[in-house]
Amino acid sequence: MDLTKGELVDFEGAAISASSIRDLLVDADELDPRGLRVRNARIEGQLDLCDVVAKRPLVLLDCTADAPILLDRAQLSALDLSGLTAPAVIAPWMRIEHYVYLVRARLDGGTEHHALDLAETTVGGHVNLRGAQLLSQSRNALHAAKLRTGSDLYLRGVKTSATVVLDGARIGGNLNCKGADLTALHSALHGMNMQVEGSVLLEKEFRATSKQYMAVRIRGSRIGGQLVLRGGAAKGPTAALDVKHVKVGQELFLPADFADGRVELDGLTYAGSPRDSTLDEWLDLLANKTPQYATQPYAQLAAAHQAAGHERDVRRIRVAQQRDLLRRGRLTRWSRAWHRVTGATVGYGYRPATALLWLLGTLAVSAAVVLGSGAVRCSTVEQIGYALNAAAPLVKTDAVQRCQVATTTTSGQFVVVATWILQLLAWAFATLFVAGFTGLVRKNP
């Protein structure tokens with residue numbers, strides 16, 4: 001068989017020596033520009049292409065290897081290992097001009113190797129691992145820290161038994177994990193400080209399960225497009241989803257049922273209002289699934305609804321924030337007491353009409369005390385006027401001059417003392433209404 005002509009040669013299960021593949025690539029000038037193209041071959045020996053520079057494609061379709069394939073610092077035009085069955089592919093610092101395919105690959109690194117090592121690899125185009133099975137017992141399923149791609153990274157339908165590491169990766173297009181099933185002892189998907197020019201798609205039956213730690217952790221990442229979690233699920237004992245300090249350039253799609261466990265949201269920013277969840281579901285998420293109280297998630301949510309002109313929803317968010325602050329925030333004893341008062345009377349400054357209701361209730365109690373005591377001697381109308389004047393001095397009537405209080409009796413003394421107390425309450429509620437209306441008691445710690 002002449003492998004130098006660039007034609008796809010089907011070995012039909014026959015063996016090809018690893019050394020012959022290496023020799024052909026080392027002496028790449030003898031190869032057709034279409035490169036080395038082999039199908040259904042059994043690779044004998046370890047294919048070691050470390051430091052090989054061959055500006056030609058390498059295509060090994062549906063091949064098998066008994067030893068890890070080594071591509072450390074190799075430089076190729078393109079790499080297609082689709083359908084490969086091997087212990088591992090070790091390719092840190094590899095340089096590929098166009099694309100890398102490991103579609104439907106079956107890699108099992110055992111206890112010694114990452115199933116696929118692309119750490120600090122640079123690919124001019126896209127990387128496609130669609131349908132691959134990446135297994136490892138003690139290392140990572142995919143170790144791609146500081147991976148650089150010019151286009152998309154496809155992890156569609158990938159199945160793993162260990163961590164997918166994308167820390168510091170720079171993805172020139174989308175990170176597409178639709179339908180992936182990621183399971184690991186520690187983090188299932190670990191992508192700290194990634195930079196994705198397009199969208200991150202953890203949707204359409206995406207599953208991430210961590211047995212001891214966090215399921216999805218992409219803290220500190222920058223996403224130019226959308227973050228889509230629609231139809232996906234994540235489960236972890238420490239946290240299901242960690243998106244702290246993630247900046248999303250476009251919309252966030254986060255259904256309420258995505259995370260089975262805690263969610264880290266502090267510092268997450270996005271454009272517009274979050275999608276796929278109602279406001280009630282978001283408020284429940286912030287209050288009950290986050291590890292501790294934080295101001296920023298509420299402020300981000302309120303700002304989004306403010307920009308959309310949803311003023312009523314903004315007030316709901318702010319009231320919910322203050323309730324969460326009261327429940328989980330670090331407040332002094334006096335601050336906590338003041339929060340309770342302002343919450344009950346003016347909705348923390350966002351519902352000042354509540355203070356008016358309390359004020360009206362105070363006036364009604366004053367009238368009931370005066371009318372029911374029998375100690376105030378004048379007509380019923382004048383007694384009501386006396387009650388209003390006594391509880392709210394700003395209300396002036398002639399009833400005080402016409403009504404006489406029998407202060408020598410117990411009931412009369414009770415009326416006098418009660419009106420003093422009610423007057424203090426009325427002043428307090430009136431002051432709280434004014435303060436709430438003008439925003440003086442609104443605080444967003």
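Basis for what follows: all heavy atoms, side chains included, without hydrogens, waters or symmetry-related copies.
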Take Q75 and E97 through the test side chain to side chain donor-acceptor pair (under 3.5 Å) and record every step on the way to the result.
CA-CA 8 Å; Q75 298 182 39; E97 291 182 5; over 6 Å; no
Please evaluate residues L202 and L189 with respect to the criterion side-chain contact (heavy atoms from CB on, under 4.5 Å), reporting the C-alpha separation (whole Å), side-chain torsions for both, the decisive distance (0.1 Å), and the verdict.
CA-CA 10 Å; L202 310 182; L189 176 59; 4.0 Å; yes
What verdict does the salt bridge (charged side-chain N to carboxylate O under 4.0 Å, His left out) test give for R230 and E203, after you've listed the backbone C-alpha separation in whole Å, the side-chain angles of each residue and the deciding distance to 0.1 Å?
CA-CA 5 Å; R230 175 182 290 169; E203 58 175 336; 5.6 Å; no
Evaluate the criterion side-chain contact (heavy atoms from CB on, under 4.5 Å) for residue pair L135 and Q133; output intermediate values, then yes/no.
CA-CA 6 Å; L135 308 177; Q133 181 174 304; 3.4 Å; yes
Working note: L49 + L58, criterion side-chain contact (heavy atoms from CB on, under 4.5 Å); need CA distance, chi angles, decisive distance, verdict.
CA-CA 11 Å; L49 301 177; L58 171 61; 3.6 Å; yes
For side chain to side chain donor-acceptor pair (under 3.5 Å), just list the numbers for T183 and R207, CA-CA rounded to whole Å, side-chain angles, deciding distance to a tenth of an Å, and then say yes or no.
CA-CA 8 Å; T183 302; R207 296 291 181 269; over 6 Å; no
Full working for side-chain contact (heavy atoms from CB on, under 4.5 Å) between V164 and L134:
CA-CA 9 Å; V164 171; L134 307 177; 5.8 Å; no
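For D23, the side-chain hydrogen bond (donor to acceptor under 3.5 Å, both in side chains) test picks out no residue, with sequence neighbours left out. The side-chain hydrogen bond (donor to acceptor under 3.5 Å, both in side chains) check on S82 picks up D80, with sequence neighbours excluded. Scored by the ring-ring contact (aromatic ring centres under 6.0 Å, His included) test, H186 finds no partners at all (sequence neighbours excluded). Residues meeting the ring-ring contact (aromatic ring centres under 6.0 Å, His included) test with H98, sequence neighbours left out: none. Remark: R139 engages no residue in a salt bridge (Lys or Arg N to Asp or Glu O under 4.0 Å) (not counting sequence neighbours).
Listed by first and then second residue, the ring pair (Phe, Tyr, Trp, His ring centres under 6.0 Å) pairs involving residues 23-60 amount to none (not counting sequence neighbours). Contacts classified as ring pair (Phe, Tyr, Trp, His ring centres under 6.0 Å) and involving residues 231-263 (residues at least two apart or in different chains) are not found. Within the structure, no pair that satisfies the salt bridge (charged side-chain N to carboxylate O under 4.0 Å, His left out) test touches residues 283-310, not counting sequence neighbours. For residues 122-175, the ring pair (Phe, Tyr, Trp, His ring centres under 6.0 Å) pairs, not counting sequence neighbours, are Y101-H126, H114-H143. The list of salt bridge (charged side-chain N to carboxylate O under 4.0 Å, His left out) pairs with a residue in residues 150-168, not counting sequence neighbours, is empty. Applying the salt bridge (charged side-chain N to carboxylate O under 4.0 Å, His left out) rule to pairs touching residues 33-46 yields D32-R34, R39-D62, R42-E44, sequence neighbours excluded. Screening residues 233-248 for salt bridge (charged side-chain N to carboxylate O under 4.0 Å, His left out), with sequence neighbours left out, gives R217-D242, R219-D242.
Rounded to the nearest 0.5 Å, atoms CG (L84) and CG (L61) are 10.0 Å apart. Remark: Y298 OH to Q321 CD distance equals 7.0 Å, nearest 0.5 Å. If you take CG on L129 and CG on L116, they are separated by 6.0 Å, rounding to the nearest 0.5 Å. In this structure, OG1 in T290 is found 6.0 Å from CG in D324, a value given to the nearest 0.5 Å. Here the CG atom belonging to L47 is positioned 12.5 Å from the CD1 atom belonging to I90, to the nearest 0.5 angstrom. To the nearest 0.5 Å, atoms CD1 (I218) and CG (L241) are separated by 6.5 Å.
Under 3.5 Å, the side chains of E112 and Q137 contain no donor-acceptor pair of N or O atoms. Judged purely by distance below 3.5 Å, without hydrogens or angles, the side chains of Y270 and Q226 never pair a donor atom with an acceptor atom.
Counting all heavy atoms, side chain and backbone alike, V196 lies closest to L175 at CG1-N, 4.0 Å. The nearest pair of heavy atoms linking P33 to P57 is O-CD, 3.4 Å. Counting all heavy atoms, side chain and backbone alike, A208 lies closest to A188 at CB-CB, 4.0 Å. Listed here is the closest heavy atom pair of S77 and K55: CB-C, 3.9 Å. Closest non-hydrogen pair, P87 versus A65, comes out as CD-O, 3.3 Å. Across all non-hydrogen atoms, the minimal contact from P237 to S210 is CD-O, 3.2 Å.
Between the side chain of S277 and the backbone N or O of A256 there is at least one donor-acceptor pair closer than 3.5 Å. Judged by distance alone, the side chain of R327 and the main-chain N or O of A287 form a donor-acceptor pair under 3.5 Å. D2 contributes a side-chain N or O that, together with a main-chain N or O of T4, makes up a donor-acceptor pair within less than 3.5 Å. Of the possible donor and acceptor atoms, one in the side chain of Q296 sits under 3.5 Å from a partner among the backbone N and O of G267. With hydrogens and angles ignored, the 3.5 Å screen pairs a side-chain donor or acceptor of N128 with a backbone N or O of R130. Of the possible polar contacts, one joining the R336 side chain to the G329 backbone as a donor-acceptor pair under 3.5 Å is found. No donor-acceptor pair under 3.5 Å is formed between the side chain of Q322 and the backbone N or O of V319. In terms of modelled atom types and a separation under 3.5 Å, the side chain of T163 and the main chain of H190 share no donor-acceptor contact. Between the S151 side chain and the G125 main chain, no donor and acceptor come within less than 3.5 Å of each other. Between the side chain of R22 and the backbone N or O of D48 there is at least one donor-acceptor pair closer than 3.5 Å.
Inter-residue side-chain proximity for S273 and H305 is flagged as met; some heavy-atom pair is nearer than 4.5 Å. Residues T64 and I43 are not in side-chain contact: their nearest non-hydrogen atoms beyond the backbone lie 4.5 Å or more apart. Within the 4.5 Å cutoff, no side-chain heavy atoms of L25 are placed close to those of V53. Between L71 and V89 there is a side-chain heavy-atom pair separated by less than 4.5 Å. No side-chain heavy atom of D266 sits less than 4.5 Å from a side-chain heavy atom of L268. Here the side chains of P274 and L254 are not in contact, with every heavy-atom distance at 4.5 Å or above. Annotation: side chain of I21 is in contact with side chain of I16 (closest heavy-atom distance under 4.5 Å). At least one side-chain heavy atom of L279 sits under 4.5 Å from a side-chain heavy atom of R316.
Taking a 6.0 Å sphere around CG of D280, one finds it holds more than 12 heavy atoms contributed by other residues, nucleotides or ligands.
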